[in-house]
Amino acid sequence: MTTPQPHTGAPRRRPSSLQAVLLVVQREFMTRVRKKSFIILTILTPFLMAALVFVPFWLATIEDDDIKTVAVHDSTGRYAPLFKDDATWRFVPTHNPDDPAYYTDTTHVEAVVSIRADLAADPKAVTIYSHKEVSAGLLSYVENVLNDKVRRDKLAATGIEGIDQILADVQQDISVQTVKRDAEGTESSSSTAIAIAAGFLLTFFIYMFVMSYGAMVMQSVIEEKTSRIVEVMVSSIKPFQLMMGKIVGISLVGFVQLTIWGVMLAAILGIAAWMFGPDTTAAATQVSAMGGMPAVPAASAAPTEAQQMLTAVLNLPYAELGILFVLYFVGGYLLYAAFLAGVGASVNEQEDASQFMMPVVLCMVFGMYAAMGSAENTNGPLAFWTSMFPLTSPMVMMIRVPFGVPLWQEVLSVALLYATALLCVWGGARIYRVGILMYGKKPTMKEIIKWMRYK
């Protein structure tokens with residue numbers, strides 16, 4: 001009879017700390033990028049964003065081919081000749097503004113303008129009648145024509161020769177052009193509105209991703225805790241490794257999505273610049289010193305407003321914006337995700353997390369309001385201090401960067417952010433290691449603080 005021999009093979013080795021973290025990273029990453037919702041959202045979002053920018057410009061260039069008829073009744077005979085036909089409106093005189101045929105659904109008359117007296121003496125002696133709501137374009141045109149006539153009549157009544165032209169010259173608006181210029185004299189087009197819009201766009205991205213992906217970390221922790229899967233996982237991996245694997249894995253999902261969006265938006269913007277912009281072939285040979293994007297062509301034949309805006313977009317400091325966006329995205333995500341991971345480990349149900357989520361939401365919302373308040377004065381006290389405060393700096397600093405921020409302020413802000421983020425990771429890990437195996441009782445803040453002190 002053969003006696004069974006004991007197994008003499010080498011015992012199964014537990015994975016190293018790095019291997020354990022990488023395994024969790026791989027699991028979290030692959031689980032999310034394979035979802036159909038992630039793929040569809042990642043592909044469609046750049047097109048939706050581009051549509052929000054370019055479709056209104058495109059629609060504004062489309063003119064209505066249908067010429068609408070407007071009847072004009074002028075008791076004074078002084079105003080009717082002022083209304084000129086154009087590609088949208090055709091004005092015809094009428095002696096009976098009360099004709100019922102004008103106010104049926106089958107009428108070809110869009111509206112009836114009735115002027116009953118001298119408008120210089122009685123400004124309310126004009127009415128537009130219609131069987132439906134009056135078009136905003138028609139109302140604006142009629143008001144502009146009549147206001148201009150009344151103004152000229154009142155000026156003529158003063159008896160001062162040439163006063164009409166004098167006031168026209170005095171009231172002429174000045175459009176100030178903004179140009180960025182370096183010490184060597186190189187000039188590039190700029191736009192304050194474009195700079196603010198770019199800052200707000202990056203601020204919104206950080207707000208949206210930090211909130212959504214941070215909440216994703218918390219949701220994943222709560223699901224694994226309530227399903228008791230975590231009890232099996234912590235038998236082969238340390239709680240800190242599990243937490244960091246989740247944070248890093250979900251952050252990689254965000255980076256992949258942002259990278260795809262950036263490439264697609266750059267391609268869409270390049271196509272738009274080629275189709276609607278100025279001579280981008282010549283501009284592509286010139287590289288601006290700050291952003292590495294095409295500079296404004298030296299000679300251009302009166303570019304349109306849309307072309308000037310597109311050139312200002314191309315002249316933003318993309319290199320600086322891109323580097324700081326990545327730094328603030330990572331730092332802000334680490335800060336809030338570590339806190340939310342600790343929150344997820346502390347509670348037993350999704351509903352219980354609401355009280356702990358409130359401080360995060362308040363900080364993020366305050367950061368958004370501070371960014372909006374700093375847009376018009378990017379070097380003011382509000383902009384400076386909130387861009388240094390780690391809980392709001394990822395959002396506020398993005399508003400300031402397009403307008404130029406001293407390097408020492410950027411370095412100090414990033415250093416404070418990452419120091420705070422590391423502190424949150426340390427605190428979140430100490431809460432996570434205890435709370436992940438706690439069940440049944442909703443913890444208080446006092447108990448959570450005790451968890452952080454455990455050795």
Side-chain angles (χ1 to χ4, degrees), residues 52 55-178 191-193 196-197 302 304-306 308-309 372-373 375-376:
L52 289 175
V55 168
F57 287 106
W58 173 64
L59 292 177
T61 62
I62 300 177
E63 297 182 355
D64 189 358
D65 295 332
D66 185 18
I67 299 178
K68 302 176 180 63
T69 301
V70 178
V72 180
H73 172 256
D74 182 10
S75 299
T76 67
R78 301 171 58 188
Y79 304 100
L82 301 175
F83 297 100
K84 305 298 181 182
D85 297 346
D86 56 20
T88 304
W89 308 104
R90 183 170 68 92
F91 297 92
V92 296
T94 182
H95 298 288
N96 183 17
D98 300 321
D99 188 347
Y102 291 148
Y103 307 106
T104 65
D105 292 335
T106 58
T107 182
H108 66 284
V109 175
E110 182 76 10
V112 178
V113 179
S114 177
I115 303 172
R116 300 176 295 276
D118 184 359
L119 297 179
D122 184 5
K124 296 185 178 181
V126 56
T127 306
I128 301 179
Y129 298 98
S130 178
H131 65 286
K132 58 183 180 181
E133 290 295 335
V134 177
S135 166
L138 175 62
L139 177 62
S140 176
Y141 177 77
V142 171
E143 287 180 342
N144 290 337
V145 168
L146 296 179
N147 282 329
D148 183 65
K149 173 61 176 174
V150 170
R151 182 181 65 85
R152 286 188 281 111
D153 288 345
K154 290 182 177 180
L155 290 175
T158 63
I160 302 176
E161 184 177 357
I163 190 173
D164 192 4
Q165 184 61 39
I166 293 172
L167 289 181
D169 292 339
V170 171
Q171 296 175 351
Q172 184 177 5
D173 294 331
I174 296 176
S175 179
V176 179
Q177 182 182 7
T178 59
S191 170
T192 301
I196 292 176
T304 64
E305 182 178 355
Q308 291 176 344
M309 291 179 62
M372 290 187 286
E376 295 186 1

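In what follows, residues are counted from 1 in the order of the sequence shown.
For the pair V113/Y79, no side-chain contact is recorded, criterion being any heavy-atom separation below 4.5 Å from C-beta on. Counting heavy atoms from C-beta outward, T94 and D99 have side chains that stay 4.5 Å or more apart. Inter-residue side-chain proximity for I115 and L146 is flagged as met; some heavy-atom pair is nearer than 4.5 Å.
A donor-acceptor contact shorter than 3.5 Å links the side chain of T107 to the backbone of A101. In this structure a side-chain-to-backbone donor-acceptor pair under 3.5 Å is missing from D122 to D118.
Of the listed residues (D74, D148, V145), just one forms a side-chain contact (heavy atoms from CB on, under 4.5 Å) with L82, and that residue is V145.
D153 meets the side chain to side chain donor-acceptor pair (under 3.5 Å) test with R78, K149; sequence neighbours excluded.
To the nearest 0.5 Å, atom NZ of residue K132 and atom CG of residue D105 are 9.0 Å apart. From D85, atom CG reaches atom CD1 of I67 across 8.0 Å, with rounding to the nearest 0.5 Å. Distance NE2/H73 to OG1/T127: 11.5 Å, rounded to 0.5 Å.
Within 6.0 Å of the CZ atom in R90, the count of heavy atoms belonging to other residues, nucleotides or ligands does not exceed 12.
Nearest approach of V134 to S130, heavy atoms of both residues: CG2-CB, 4.0 Å. Counting all heavy atoms, side chain and backbone alike, V109 lies closest to V112 at CG1-CG2, 4.3 Å. Heavy atoms only, all atoms of each residue included: R116 and K124 are closest at NH2-O, 3.2 Å. Contact between I128 and A111 at its shortest, heavy atoms only, is CG2-CB, 3.9 Å. Of all heavy-atom pairs between K154 and A120, the closest is CE-O, 3.8 Å. Minimum heavy-atom separation, V72 to A80: CG1-CB, 4.0 Å.
Counting only residues at least two apart or in different chains, ring pair (Phe, Tyr, Trp, His ring centres under 6.0 Å) contacts with residues 106-145 comprise F91-Y141. Counting only residues at least two apart or in different chains, ring pair (Phe, Tyr, Trp, His ring centres under 6.0 Å) contacts with residues 146-171 are absent.
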